[in-house]
Participant: 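Encoded as structure tokens, here's the structure I'll be asking about.
What's counted below: heavy atoms across the whole structure, side chains too, no hydrogens, waters or symmetry copies. So you know, we letter chains A, B, ... as the sequences are listed, proteins then strands, and number each from 1.
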Amino acid sequence: MNQAAEQVYAALLAIPAGRLCSYGDIAKLAGLPGRARWVGRLLSQLPTNSQLPWFRVINSQGKISFPPASSNYERQLRELIREGSAEASGKILWRQCRWP
DNA sequence: GACTTGACGGAAT
DNA sequence: TATTCCGCCAAGT
């Protein structure tokens with residue numbers, strides 16, 4: 001198994017509920033600074049039944065990286081609302097993640 | 001083996 | 001503050 005991928009998964013699981021994190025942050029935490037795009041591609045390969053909190057990952061603009069019309073967008077937004085990280089209107093409540 | 005693509009980031013303008 | 005542009009690198013074609 002890819003060591004870097006494991007690090008990314010670990011970083012995802014380390015995101016506290018109610019917190020959001022950017023792709024760049026995840027990449028950095030995984031020991032891959034500047035590989036945000038790779039993280040995005042990795043997440044795109046996750047199965048829909050994955051237990052990983054991929055929905056806590058947004059882009060550096062503090063927005064969901066899906067077209068507002070996509071089912072993925074709605075699914076992610078719903079999860080964020082459930083955790084209090086977003087409003088029903090679609091407004092994202094940016095909570096920057098910081099690790100020790 | 002070369003070219004394109006992508007759930008991005010960051011600097012430059 | 002908002003856009004535009006370029007760099008990055010693994011996968012897919």
Participant: Of A/Ile64, A/Asp25, A/Leu12, which meets side-chain contact (heavy atoms from CB on, under 4.5 Å) against A/Val57?
Facilitator: A/Leu12

Participant: Atom CD of A/Gln76 and atom OG of A/Ser85: how far apart are they, to the nearest 0.5 Å?
Facilitator: 10.5 Å

Participant: Quick one: does any side-chain atom of A/Glu83 pair with a main-chain N or O of A/Ile81 as donor and acceptor, under 3.5 Å?
Facilitator: no

Participant: Hey, is the side chain of A/Arg35 poking within less than 4.0 Å of OP1 or OP2 on C/dC9, counting only N and O atoms?
Facilitator: yes

Participant: Can you measure from NZ (A/Lys91) to CG (A/Leu77) and round to the nearest 0.5 angstrom?
Facilitator: 12.5 Å

Participant: Spell out protein contact along nucleotides 7-13 of chain B as letters: B when the base is contacted, S when just the sugar-phosphate is, - when no protein heavy atom is under 4.0 Å; keep the 5' to 3' order.
Facilitator: BBS----

Participant: Within a 6.0 Å radius of atom CD on A/Gln45, are there more than 12 heavy atoms belonging to other residues, nucleotides or ligands?
Facilitator: yes

